[in-house]
*Asks:* 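Right, I'll just put the structure down here and ask away after.
Since this is a predicted model, take the numbers as computed values, not measurements. We count residues from 1, following the sequence as given. Side chains included, hydrogens not; waters and symmetry mates left out as well; all remaining heavy atoms used.
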Amino acid sequence: MPRLTRRIVLKSGVALAMSTGLPALITGSNQDGPDSPRQEESDDSSNSETQQQEPDAAASAETESGETMKIQYLEIVTTEVDALCSQYAAIYNTEFSEPNASFGGARTAELGDGGMIGIRGPLRESEAPVVRPYVLVEDINAAVEAAKEAGAEVAMPPMAIPGQGMFAIVINGGIDCGFWQN
């Protein structure tokens, strides 16, 4: 059975539904938790050859120009901001900022790959809890158009955050997808 990689998870969109495993996914950690499935070890050399096969092109998260998908900003909307910030701070020995108005009042921290995580409360009564990754794109307008062509609904057209870049949100198949352009 092929090994599940970060690229495969991100490509399939499962990362959005796996918020409990999110920190390991974002940092690329390979640490096994108490409930993580472990691959059975075997002395069979043909088995190890199978496990080391390269993923096929469909599983790759690279663009035609060879760029890989990168989460620039990971937004978590919850009614329990302080509790969630405390959880991630304790696990990863990091500090979250005070609420940042530029990010909707989110408390932010840096991710290991240079991106940022922001945890904030709902901005309106109807906003449900959500985990929303914003992937880095070179051309945010082109990304939004491509998403629309793939059937997405534009929830937030490209908008500038002074000093930070631009973001947009689309919804496809009931999943919030963000784009970020520096």
*Asks:* Any chain of hydrophobic side-chain contacts (each under 4.5 Å) joining M166 to L136?
*Replies:* no

*Asks:* Distance-only, no hydrogens or angles: does the E110 side chain make a donor-acceptor pair with backbone N or O of M116 under 3.5 Å?
*Replies:* no

*Asks:* Work out which heavy atom in P133 is nearest to a heavy atom in D176; give both atom names and the distance.
*Replies:* CD-O, 4.3 Å

*Asks:* Grouping I, L, V, M, F, W and Y whenever their side-chain heavy atoms are under 4.5 Å apart, do I91 and V81 come out in a common cluster?
*Replies:* yes

*Asks:* Within the 4.5 Å heavy-atom criterion, are Q72 and V135 side-chain neighbours or not?
*Replies:* no

*Asks:* In chain order, what residues pass the side chain to side chain contact (heavy atoms under 4.5 Å, CB included) check against P122, with sequence neighbours excluded?
*Replies:* V77, T79, E127

*Asks:* Between W180 and I140, is there shared hydrophobic-cluster membership here, with clusters defined by ILVMFWY side-chain heavy atoms closer than 4.5 Å?
*Replies:* no

*Asks:* If every non-hydrogen atom of S102 is compared with every non-hydrogen atom of I161, which pair is closest and at what distance?
*Replies:* O-CG2, 3.6 Å

*Asks:* With a 4.5 Å heavy-atom cut-off, do F167 and M156 have their side chains touching?
*Replies:* yes

*Asks:* I'd like to check the side-chain hydrogen bond (donor to acceptor under 3.5 Å, both in side chains) partners of E75; sequence neighbours left out, ordered by chain and number.
*Replies:* R120, R132, Y134

*Asks:* Looking at I119, is its backbone amide N or carbonyl O close enough to the side chain of R107 to form a donor-acceptor pair, meaning the two atoms are under 3.5 Å apart?
*Replies:* no

*Asks:* About how many Å separate CD1 of I117 and CG of L74, when rounded to the nearest 0.5 Å?
*Replies:* 5.0 Å

*Asks:* Can you list every ring pair (Phe, Tyr, Trp, His ring centres under 6.0 Å) pair that touches residues 142-166, not counting sequence neighbours?
*Replies:* none

*Asks:* Check ring pair (Phe, Tyr, Trp, His ring centres under 6.0 Å) between F103 and all other residues, then give those that pass, not counting sequence neighbours.
*Replies:* Y73

*Asks:* Would you say the side chain of F96 lies within less than 4.5 Å of the side chain of T108, judging by non-hydrogen atoms?
*Replies:* no

*Asks:* Measure across N172 and A147 and return the closest heavy-atom pair with its distance rounded to 0.1 Å.
*Replies:* ND2-O, 4.3 Å

*Asks:* Going hydrophobic residue to hydrophobic residue with side-chain gaps under 4.5 angstrom, can you get from I171 over to V137?
*Replies:* no

*Asks:* Can you list every pair that meets salt bridge (Lys or Arg N to Asp or Glu O under 4.0 Å) and has a residue in residues 144-162, with sequence neighbours left out?
*Replies:* E145-K148

*Asks:* Looking only at heavy atoms, which two atoms of S97 and A106 are closest? And how far apart?
*Replies:* OG-O, 4.3 Å

*Asks:* Quick one, C177 and I169 - any side-chain contact, counting heavy atoms below 4.5 Å?
*Replies:* no

*Asks:* Apply side-chain hydrogen bond (donor to acceptor under 3.5 Å, both in side chains) to N93 and list each qualifying residue two or more places apart in sequence or on a separate chain.
*Replies:* none

*Asks:* Can V154 be reached from M159 by stepping across I, L, V, M, F, W or Y side chains whose heavy atoms are under 4.5 Å apart?
*Replies:* no

*Asks:* Any idea which heavy atoms bring Y88 and I76 closest together, and the distance?
*Replies:* CE1-CD1, 4.0 Å

*Asks:* When you compare the side chain of V144 with that of F179, does any pair of heavy atoms fall below 4.5 Å?
*Replies:* yes

*Asks:* Might you point out which heavy atoms bring P99 and G105 nearest each other, and give the distance in Å?
*Replies:* CB-O, 3.4 Å

